[in-house]
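What follows is one structure encoded as structure tokens, with my remarks underneath.
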Amino acid sequence: MSKTLITSALPYINGVPHLGHMVGCLLPSDVYARYMRMMGNDVLYIVGTDEHGTTSEVGALKAGMDIQSYCDMNHERHYNTYKDFGLSFDYFGRTSSEQNKEMTYHIFEQLDKNGYIEERTVKQIYSIDDQMFLADRYITGTCPHCGYEKARGDQCENCTQVLEPTDLINAKSTISGSSNLEVRETKHLFLNLPKIEPLLRQWLITKEPFWPEVAYSIAQKWLKEGLQARCITRDLKWGFPVNKPGFEDKVFYVWFDAPIGYIGITKQWADENPKNRNWKDWWYDATNVRHVEFMGKDNVPYHSITFPATLLGTGENWTQVDYLKGVSYLTFEGGKFSKSENRGIFAEDAIKEFPADYWRYWLMSNIPEASDTSFTFDLFASIINKDLNGVLGNFVSRVLKMTSSKIGNEVPSGGNLGALEEKLITTLQARVNDYFKYMNELEFRKAFAELRQIWVEGNNYISEAEPWVVIKEDVEKASQILRTCINLIRIFAILSAPVMPTTSEKMLQKLGLTLSDIPSIKDFNIAQEITAIKAGTPFEVGDMLFERIPEERIAELKEKYGASK
RNA sequence: CGCGAGGUAGAGCAGCCCGGUAGCUCGUCAGGCUCAUAACCUGAAGGUCGUUGGUUCAAAUCCUUCCCUCGCAACCA
């Protein structure tokens, strides 16, 4: 059995995940993991929170908490949100874990031993009142070029000039507001990327035919512009203390230990059941592992350049990314999501408004693959009303209600498959093959457009077969048609499970089944599946699968989530 | 001249790599059906494929000019 290692970019603990984060890495990784499991693959699906860095320190300070409790609290919050969205990760870990510390130290030692680490002294702004060095973005002041008063230390948003923090007039710390700043020298460790570059190029070239264009072109861009040594340590408190003499008062930069977190979290997972789990089977001298990573496009450089270079520099045989799914941005009603401006719908709120499957289906069938995509409530409602209610929900409803009222609450017996069913089987098999093909290629938009067409085939079939007419003349034939339709419900439930697990369960429940009854979908054969449910099996009509979203509700939502701003 | 991605019917997208009657979904209009969630099925209207020039028998597709949108620009996760 081939092994599939699936990782989602680790959400930063201090952030509040919005729909863009969900669709960028968390949801697609889950959908893919569920699909690969159903295909019979041995899947390990790893997610967790990325916890180190200034942002956490500042967040804790503002919340009046110590950093550890602050992170504990937020970790819990992330976990609950993702569970609510139905994410099926095998482990939800943390980059601040002991296991990750161990991994980070080991990888750093190897890099150092191989001569890829160098010391440099840099000048940095120190805030005397905050008692810390400030990252550029934590300094604001007046732009010397255009006079804009809220220019950041790295760049002026107004005139787009790239700045040094020392250029700013009346520079202030954004943390305390203090202007009691000075430039200090500080010694840091750098990862010598130019030295690893030849290895990296050699490795990357093998990926070109497989990666999506967005991901590969971003990686190429970085190589083209030339790699520079990258600072991997910081003057902070919250992080792993550097395990090198003379640097004990520094910590590793969050971007150094965050991707290593995939490995560290795998070890967390393994440590919970050491008899049956071994992290090395997935990461170290591992054979037959295909590693698929999911991330927003802003993360691509780190996963295609920095992290692979880090692993290559160890000289050890680490599992590298085989397929990198880079996803563009989801915008909100044409603008940016912004918590501070109360603009956009965030994951915790989204789940209170509608069931997870509504979001999962919308987001996956509109995932920003080729370019940035805008979320609008109008579009959302139209998809939910048309695809989920009109096409799928209504099909289930019309079939079960008709069978129940005309014949009874058992799958009806009698009749044989005919020419119409032959045609249905052929059409459906072709569509299912395409659906699987797109899923294998991680072409989600196309995959879910195909899934929708599969549902449509159900309505097409029942329209042509007209059981409501046939039943007046030939009850046996009508029974066969309805039995076929009930089997279609089962087939639709199975095929929809990766994207709408709860709805699938609901559909199967009506037929007295659960998802765990479903065998592998590898070699899914419609001709066989179409008769899987036998005559006499009891079923219940139950509730409707989905609810329509009326016009008034859309207007309310737009108002509530700042769609007009 | 910083870099990248995108600009295709009212809306959202596919097609572009490997040139050859412009396709899908929603919306609109008309018809059908009455089992079902004002649903479902069928059909029609609607596009000089951002702009300029070029290559070619032939360009949405290849090369070129300019314009617009979004993102990135390495101490922001």
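Sequence lines set the chain letters: A, B, ... in the order given, protein chains first and strands last, and positions in each chain run from 1. Worth knowing before you read on, the calculation uses all heavy atoms, side chains too, and leaves out hydrogens, waters and symmetry mates. Source: prediction; values computed, not measured.
Nucleotide U34(B) holds its P atom 14 Å from the CD1 atom of Ile471(A), rounded to whole Å. Separating the CD atom of Glu547(A) from the P atom of U37(B) is a distance of 13 Å, rounded to the nearest angstrom. Atoms OH (Tyr302(A)) and C1' (A74(B)) sit 6 Å apart, rounded to a whole Å. Protein atom CG of Leu330(A) is 14 Å distant from nucleotide atom P of G12(B), rounded to whole Å. Going from atom NZ of Lys250(A) over to atom P of C75(B) covers 16 Å, rounded to whole Å.
Between the C1' atoms of A9(B) and C13(B), the separation comes to 12 Å (whole Å). Atom C1' of A14(B) sits at a distance of 11 Å from the matching atom of A22(B), rounded to the whole Å. Atom C1' of C1(B) sits at a distance of 41 Å from the matching atom of G46(B), rounded to the whole Å. Using atom P as the reference point in both U61(B) and C18(B), the two lie 14 Å apart (nearest Å). Nucleotides G27(B) and A38(B), compared at atom P, are 15 Å apart to the nearest Å. Separation of the P atoms belonging to G12(B) and G7(B) is 12 Å when rounded to the nearest angstrom.
For His21(A) and His18(A), the distance between ring centers is under 6.0 angstrom.
Across all strands shown, the partner of G43(B) is C29(B), judged by Watson-Crick or G-U wobble contacts whose two distances both fall under 3.5 Å.
Taking for each of Met402(A) and Gly53(A) the nucleotide of RNA chain B with the nearest heavy atom, the 5'-most of the two is the partner of Met402(A).
The Tyr329(A) side chain lies nearest to C72(B) when the options are A5(B), C72(B), C75(B). Taking every side-chain heavy atom of Lys406(A) into account, C35(B) is the closest of A11(B), C35(B), U37(B). Looking at the side chain of Arg445(A), the nearest of the listed nucleotides G15(B), C13(B), U37(B) is C13(B). The side chain of Tyr253(A) lies closest to C75(B) when the candidates are G12(B), C75(B), C40(B).
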Please tabulate, one pair per line, all N/O donor-acceptor pairs under 3.5 Å involving side-chain atoms of residues 464-473 of chain A, not counting sequence neighbours.
residue	atom	partner	partner atom	Å
Glu464(A)	OE1	Lys423(A)	NZ	3.2
Glu464(A)	OE2	Lys423(A)	NZ	2.9

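The aromatic rings of Phe133(A) and Tyr126(A) sit perpendicular to each other, their planes meeting at more than 60°, with 30° as the lower class boundary.
Taking side-chain N and O atoms only, Lys297(A) has no distance below 4.0 Å to OP1 or OP2 of G6(B). For U42(B), one of the phosphate oxygens OP1 or OP2 lies less than 4.0 angstrom from a side-chain nitrogen or oxygen of Asn460(A).
Thr373(A) comes within 4.0 angstrom of sugar-phosphate atoms only, judged by non-hydrogen atoms across all strands, and of no base.
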*Please step through side chain to side chain contact (heavy atoms under 4.5 Å, CB included) for the pair Phe332(A) and Phe377(A), ending with a clear verdict.*
CA-CA 9 Å; Phe332(A) 179 77; Phe377(A) 281 111; 3.8 Å; yes
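Relative to the six-membered ring of Phe240(A), Lys101(A) misses at least one condition, a distance below 6.0 Å or an angle of at most 45° to the axis.
Heavy-atom distances under 4.0 Å link RNA chain B to no residue of residues 472-484 of chain A.
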*List the protein contact pattern of nucleotides 22-27 of chain B with one symbol per nucleotide (5' to 3'): B for base contact, S for sugar-phosphate-only contact, - for none; contact means a heavy-atom distance under 4.0 Å.*
---SSS
